[in-house]
Amino acid sequence: MSSTPHDPFYSSPFGPFYRRHTPYMVQPEYRIYEMNKRLQSRTEDSDNLWWDAFATEFFEDDATLTLSFCLEDGPKRYTIGRTLIPRYFSTVFEGGVTDLYYILKHSKESYHNSSITVDCDQCAMVTQHGKPMFTKVCTEGRLILEFTFDDLMRIKTWHFTIRQYRELVPRSILAMHAQDPQVLDQLSKNITRMGLTNFTLNYLRLCVILEPMQELMSRHKTYSLSPRDCLKTCLFQKWQRMVAPPAEPTRQPTTKRRKRKNSTSSTSNSSAGNAANSTGSKKKTPAANLSLSSQVPGLGAIPNCSLNPGRDGDLCHSTAVTPSGQFKEKH
């Protein structure tokens with residue numbers, strides 16, 4: 001009896017890749033389709049945990065989201081990290097949006113070793129507004145996405161450059177208020193700026209301050225330090241990286257010099273070289289102790305903040321430089 005495609009032992013003449021496809025690897029745009037479906041399943045009761053789960057499903061832990069557009073006062077560019085991405089999507093709906101989805105047309109895909117890049121020059125972000133009036137906003141621009149090449153296929157970088165936008169009001173609403181000039185004047189005004197609500201724009205401006213403070217908030221959450229101590233510790237670590245001397249190159253092991261045992265001259269030279277190295281190391285000892293003072297001339301006291309409390313329970317103490325070049329801690 002001949003085998004059929006329904007037979008479990010059927011062997012396809014086109015190879016095993018003809019019958020089974022790797023999920024998400026054929027069309028990366030399918031992830032955007034899934035993201036649209038997840039946004040449509042949002043309810044009014046969706047809290048911060050729901051938005052964080054949404055960002056975890058579609059964005060990497062180190063993902064970044066960038067928006068570029070031009071307002072009346074000039075071009076703007078905002079970049080936020082993974083921690084602030086959930087709040088960005090929630091502010092879109094807080095501004096009166098009831099529906100949000102993305103449409104990608106004629107996108108180009110490029111595969112790399114560990115990522116997949118999708119470049120769509122004709123991307124449209126469609127938002128349906130219920131207040132202050134029923135309006136459909138189509139925001140058009142270029143969307144560049146970078147996905148990780150794995151089973152999860154989450155977004156690593158999101159860059160949306162907005163070129164233009166359109167606000168569409170149904171004719172039925174215009175016909176209802178045709179005799180009311182005040183309502184018509186209100187309908188003629190835009191409810192967004194470059195397709196973004198005021199809630200979203202204010203949040204992006206706030207992210208300019210929140211993004212550099214992520215390190216402080218993370219340190220406060222991890223070590224339960226006060227805001228002032230977190231700031232002192234972060235500033236000291238950055239200062240330490242700036243003034244720290246470069247690492248010395250690794251020295252070659254002395255076992256290679258032991259190969260010359262036949263000639264007496266080589267032995268004498270090696271012994272003389274070892275003596276010179278020993279004297280040189282002794283001479284370099286005070287210089288190594290003075291490395292920080294040489295980097296900062298006229299240094300009297302170096303602030304040294306650490307997470308280990310001192311003798312008096314303080315988190316910060318200072319290190320003074322003595323005239324001999326040694327360091328002495330002062331609490």
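Sequence positions, counted from 1, serve as the residue numbers for this chain. Since we're looking at a predicted model, the values are computed, not measured.
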State whether the side chain of [X] and the backbone N or O of [Y] hold a donor-acceptor pair below 3.5 Å, judged by distance alone.
X	Y	result
S115	H112	no
Q164	G141	no
Y203	L84	yes
T98	Q128	yes
D47	W50	yes

Please determine if R42 forms a cation-pi arrangement with F93, meaning its NZ or CZ atom is less than 6.0 Å from the six-membered ring centre and no more than 45° off the ring axis. yes
Ionic contact status for [Y] with [X], cut-off 4.0 Å:
X	Y	value
D52	R82	yes
E34	R31	yes
D121	R163	yes
E94	R87	yes

Checking side-chain polar atoms at under 3.5 Å, does T79 have a donor or acceptor matched by the opposite partner on T66? yes
Pairing donors with acceptors under 3.5 angstrom, does anything connect the side chains of E60 and T148? yes
Students often mix this up, so state it plainly: with edges at 30° and 60°, are the rings of F54 and F58 parallel, tilted or perpendicular? tilted
Geometric class of the W158/F59 ring pair [parallel <30°, tilted 30-60°, perpendicular >60°]: tilted
Compare every heavy atom of W51 with every heavy atom of S90, then report the nearest pair and how far apart it is. CB-NE1, 3.5 Å
